[in-house]
Amino acid sequence: MPYSAKHKKQSRKRILESAARCFLHQGYEQTGINEIMRDAGMTHGAFYAHFSSKSELYDKAMTYAAKNGRFTAHLSSDKPGKEWFQEVLDSYLDLNHLQGGEMPCPLAFLVTDVATREPDVRDTYTRIYKNMNRFISRYTDYGKEKQSDEFYALTAMMIGGVALSRAVNDPKLVENLLKSCRQSATRLLNNE
C-alpha cells in the first residue's frame, strides 16, 4: 500500500530539516546522504522518493533553512521599521546564532561552502541573499529609500560578521567582532 500524500510531505520535511541541520554545521563534503537519512529517522532508500541527488537536496535544504531560520523568525514582529531591524541585528549578530541552536542563517553558515558548488546551488544562495534584502526593504524605511551601497554593506556585515566569528577560535575576539558589527550596522541603519 503506497504512502499517503500527507505522509510523503511530512517525510520530505523531516529530510529537509535534517539536511539543513547537517549541511549548516558540517558543509556539503562532510555530510552524507546516509547521515541525513539516519538523522531524519529514515532509510537511505527513502531518499530517492523525494530527491534525485545530494546536490538537489543541498539546494532545497538551503531554501528551507532560509525560510525557517533566525532572520525570518522576526518577520512577524509588530515593531516598526528601524526598531524591527535593530531587533534583527541584535539577534543575528549574537552568540546564540553563532552556536546554531535554532535554524541558523545559511547565508552566514554556508558562505564558503557555496562558493565551490554547482551553479544552481549558487543561484539559490544568490536568491536567498536577494530575498533577505527584500525583507529588510519591506520592513524598514531604510530599505525603502534605496538599495544603496550602505544597504548592501549592512547585510554583508551581518553575514560576514557571523561567518568570520564562526571561523576564529578566540572567544573574546568573537565577542568583539559581533559587538563591533552590531554597532557599525546600527550606525549605518541610523545614517550616522
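Sequential numbering from 1 along the given sequence is applied to the chain's residues. Not measured: the values here are computed from a predicted model.
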On a heavy-atom basis, which atom in [X] and which in [Y] lie closest, and how many Å separate them?
X	Y	answer
Ser165	Gly161	OG-O, 2.7 Å
Ala66	Pro106	N-CG, 3.8 Å
Asp113	Arg117	O-CG, 3.2 Å
Ala163	Ala108	CB-O, 3.5 Å
Arg182	Leu89	CG-O, 4.0 Å

Please round to the nearest 0.5 Å and tell me the distance separating atom [atom1] of [X] and atom [atom2] of [Y].
X	Y	atom1	atom2	answer
Glu56	Glu118	CD	CD	12.0 Å
Arg166	Leu24	CZ	CG	8.0 Å
Met42	Phe47	CE	CZ	11.0 Å
Leu107	Thr126	CG	OG1	9.5 Å
Asp123	Ile128	CG	CD1	11.0 Å
Leu98	Cys105	CG	SG	12.5 Å

Item to complete: Report the C-alpha distance between Asp120 and Tyr58 in whole Å, list the side-chain angles of each, state the deciding distance to 0.1 Å, and finish with yes or no for side-chain contact (heavy atoms from CB on, under 4.5 Å).
Response: CA-CA 10 Å; Asp120 58 331; Tyr58 188 72; over 6 Å; no
Practice prompt. Would you check if there is a donor-acceptor pair between the side chains of Arg187 and Ser184 at a distance under 3.5 Å?
Written response: yes
Under 3.5 Å, side-chain donor or acceptor atoms of residues 169-180 against the rest of the protein: list the pairs with distances, not counting sequence neighbours.
{"unit_1": "Asp170", "atom_1": "OD1", "unit_2": "Lys172", "atom_2": "N", "d": "3.0"}
{"unit_1": "Asp170", "atom_1": "OD1", "unit_2": "Leu173", "atom_2": "N", "d": "3.3"}
{"unit_1": "Asn176", "atom_1": "ND2", "unit_2": "Lys172", "atom_2": "O", "d": "3.4"}

Say whether, by atom type as modelled, one donor and one acceptor occur between the side chain of [X] and the main chain of [Y] under 3.5 angstrom.
X	Y	value
Arg14	Ala40	yes
His50	Leu16	no
Thr155	Tyr152	yes

Practice prompt. Could you go through the side-chain contact (heavy atoms from CB on, under 4.5 Å) check for Glu29 and Thr116 one step at a time?
Written response: CA-CA 11 Å; Glu29 296 300 330; Thr116 59; over 6 Å; no
Are the side chains of [X] and [Y] in touch, meaning some heavy atoms are under 4.5 Å apart?
X	Y	value
Leu57	Tyr64	no
Met158	Val88	yes
Tyr28	Val121	no
His25	Phe109	yes
Phe23	Met62	no

Discussion item. Holding to salt bridge (Lys or Arg N to Asp or Glu O under 4.0 Å), I want the full list of residues that pass it with Asp39, two or more places apart in sequence or in another chain.
Written reply: Arg21
Considering only distance and modelled atom types, tabulate donor-acceptor pairs under 3.5 Å from the side chains of residues 30-37, sequence neighbours left out.
{"unit_1": "Thr31", "atom_1": "OG1", "unit_2": "Cys22", "atom_2": "O", "d": "3.4"}
{"unit_1": "Thr31", "atom_1": "OG1", "unit_2": "Gln26", "atom_2": "NE2", "d": "3.2"}
{"unit_1": "Thr31", "atom_1": "OG1", "unit_2": "Gly27", "atom_2": "O", "d": "2.8"}
{"unit_1": "Asn34", "atom_1": "OD1", "unit_2": "His44", "atom_2": "ND1", "d": "2.5"}
{"unit_1": "Glu35", "atom_1": "OE1", "unit_2": "Gln26", "atom_2": "NE2", "d": "3.2"}
{"unit_1": "Glu35", "atom_1": "OE2", "unit_2": "Gln26", "atom_2": "NE2", "d": "3.0"}

Item to complete: Kindly indicate, with the supporting measurements, whether the criterion side-chain contact (heavy atoms from CB on, under 4.5 Å) is fulfilled by Asn131 and Lys67.
Response: CA-CA 10 Å; Asn131 284 341; Lys67 288 181 180 176; over 6 Å; no
